[in-house]
Amino acid sequence: MLQIAPSFGRIGEENAFAVLARAGALAAQGRDIVNLGIGQPDFPTPQHIVEAGIKALRDGHHGYTPAIGLPPLREAVARDIHRRHGVEVSPDAVMIVPGGKVTMFMAILMFGGPGAEILYPDPGFPIYRSMIEFTGATPVPVPIREANGFAFSAQETLALITERTRLLIVNSPANPTGGVTPKAEIDALVTGLAGHPGVAVLSDEIYGTMTYDGQAHVSLLAYPEIRDRLIYLDGASKTYAMTGWRLGWSVWPKPLYDAARKLAVNSFSCVNAATQWAGVAALDGPQDCVAAMVAEFDRRRGLVVDGLNTLPNVSCVTPKGAFYAFPNVARTGWKAKTLAAALLDEAGVAVIGGPDFGVHGEGYLRLSYANSAENITRALERIGRFLAVRRPD
């Protein structure tokens, strides 16, 4: 009988993909499904980026690249960070990876293990906890509370640090809540971290271009006092509608860079060359495509929040970033995952139950407004009709 390593029994899932598969299966049966479950821009990749990838293939860029990424792309990442955050980053600190998850995987592998503790946001991206448990480390959830506008609390976060804490994961703008943590709270976190010099920080800023209502995104790269232990995560998937291209990047402190490089060599070897040249075009090319997408997400944000707040026993705070709403459905009497399943099977609307993002997600649903205004309106109408007549089992 085959026996795999016990650690694989601890590895988790990202249920958004399971919901996507279920929605696809129902659609294949002829059902009309509105999918507000998947966190994927519904826009095509901008044409100048596509053309750069095609040109790279035609020009013969078919072979291996350096494991850390092509120099022109690492240089473009450094320029983009300076343009957006006003921070100088050496291209030698940048690593090109196939998507955002790889940086999470690397960082958590480096600091995880039996006896270690890793702090992560809850509700938060489910891969954080999955990877922490895979390494044998103890996952310590940092509560992300509606009462705080779904920003993290520096005081609450710092209070959870112990002598066993090895890594702190922060995410702003946040998935699944759309929360954006203000500068004053980040200032307080960084000040408090001075008393915990052995704690590394992974800052997931994949939604950093998507903030609203004048709320500025504050990058942890802007704090020199933690740069020697900060891992910065970003990528092209959300900003440039490039989810399927699998292009991410990270900035590593010098003591950790070579360990990350070795993990790259031992796992994915390199990101394909054509995607990397497309990434150069994305970062160095016109940014009006990004502004247009964010403006449309903002318009849909108003539509979805207004609509949710008219539903019976549902309330929704206005998200300040990303493209997710995280409505509170506790007063409906439904358990969140049961409600999400019933909405898909009976109402034809795909959403994600809050507990798929952590123990503090009960009582909430995640809706992605990376879908057309027409589909959002149809989905809200269906949810309203469902809640008006259907009672919890």
Side-chain angles (χ1 to χ4, degrees), residues 13-24 26-27 32-45 99-101 121 123-127 144 150 171-180 204 206-212 235 237-244 290 293-309 311 314 316-329 336-337 339-341 343-344 347-358 361 364-383:
E13 300 273 3
E14 185 181 352
N15 199 45
F17 285 98
V19 172
L20 179 64
R22 173 66 178 156
L26 290 172
D32 177 25
I33 304 296
V34 180
N35 193 342
L36 303 185
I38 196 70
Q40 172 169 255
D42 60 318
F43 303 103
T45 303
K101 288 178 181 174
F125 189 54
I127 302 307
I144 306 298
F150 293 123
N171 175 216
S172 175
N175 176 14
T177 62
V180 175
D204 181 349
I206 198 76
Y207 296 97
T209 59
M210 299 178 185
T211 59
Y212 313 104
S237 291
K238 315 299 183 178
T239 301
Y240 297 102
M242 293 177 70
T243 52
V290 178
M293 284 189 278
V294 173
E296 178 58 21
F297 287 141
D298 190 11
R299 187 174 77 88
R300 297 172 185 177
R301 179 180 69 120
L303 180 66
V304 75
V305 171
D306 289 347
L308 286 167
N309 281 314
L311 298 180
V314 175
C316 183
V317 301
T318 301
K320 296 293 187 182
F323 42 60
Y324 305 109
F326 205 60
N328 188 324
V329 296
K337 289 194 67 169
L339 176 57
L343 286 172
L344 178 55
V349 179
V351 297
I352 311 296
D356 284 325
F357 301 99
Y364 297 89
L365 300 176
R366 190 192 78 173
L367 282 70
S368 167
Y369 48 89
N371 208 319
S372 69
E374 178 187 2
N375 281 340
I376 290 170
T377 300
R378 290 171 60 220
L380 292 171
E381 289 172 350
R382 292 181 184 187
I383 295 171

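Here the structure is a predicted model, which is why all the values come from computation and not from measurement.
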Please step through side chain to side chain contact (heavy atoms under 4.5 Å, CB included) for the pair Asp356 and Arg366, ending with a clear verdict. CA-CA 9 Å; Asp356 284 325; Arg366 190 192 78 173; over 6 Å; no
Contact check, side chains of Val290 and Tyr240, non-hydrogen atoms, under 4.5 Å: yes
Restricting to ring pair (Phe, Tyr, Trp, His ring centres under 6.0 Å), what partner residues turn up for Phe297, sequence neighbours left out? Phe43, Phe323
At their closest point, which heavy atom of Ala241 faces which heavy atom of Thr45, and how far apart are they? O-OG1, 2.7 Å
Any donor-acceptor pair under 3.5 Å from Tyr212 side chain to Ala322 backbone: yes
By the definition side-chain contact (heavy atoms from CB on, under 4.5 Å), identify the one residue from Leu367, Asn309, Val305 that meets it with Pro327. Leu367
For the backbone of Gly321 and the side chain of Thr211, can you confirm whether one donor and one acceptor N or O come within less than 3.5 Å of each other? no
CG-CG distance between Asp298 and Leu303, expressed to the nearest 0.5 angstrom: 11.5 Å
Give the minimum heavy-atom separation between Thr239 and Met293, together with the two atoms involved. O-CE, 3.3 Å
Distance (rounded to the nearest 0.5 Å) between Phe326 CZ and Ile144 CD1: 10.5 Å
So, do Tyr369 and Pro319 sit near enough that their side-chain heavy atoms are less than 4.5 Å apart? yes
Any side-chain heavy atom of Met210 within less than 4.5 Å of one from Pro173? no
Please find out if less than 6.0 Å separates the ring center of Tyr324 from that of Tyr207. yes
In Å, rounded to the nearest 0.5 Å, how long is the span from CD1 of Ile376 to CG of Leu308? 9.5 Å
To the nearest 0.5 Å, what is the distance between CZ on Arg378 and CD1 on Ile383? 12.0 Å
Looking at every heavy atom in both Glu13 and Pro126, which two are closest together, and how far apart are they? O-CB, 3.7 Å
Among Asn375, Leu344, Val349, whose side-chain contact (heavy atoms from CB on, under 4.5 Å) with Ile33 holds? Leu344
Check whether any side-chain heavy atom of Lys320 lies under 4.5 Å from a side-chain heavy atom of Phe150, and answer yes or no. no
With sequence neighbours excluded, tell me which residues meet salt bridge (Lys or Arg N to Asp or Glu O under 4.0 Å) with Arg300. Asp42, Glu296
If you define the side chain from C-beta out and look only at heavy atoms, does anything of Ser368 sit under 4.5 Å from Ile38? no
Taking all atoms of both residues into account, what is the closest heavy-atom pair of Pro123 and Thr177, and its distance? CG-CG2, 4.3 Å
CZ of Phe357 to CD1 of Ile352: how many Å apart, nearest 0.5 Å? 5.5 Å
Are the side chain of Asn171 and the backbone of Asp204 linked by a donor-acceptor contact shorter than 3.5 Å? yes
Any idea which heavy atoms bring Ala370 and Pro41 closest together, and the distance? CB-CA, 4.0 Å
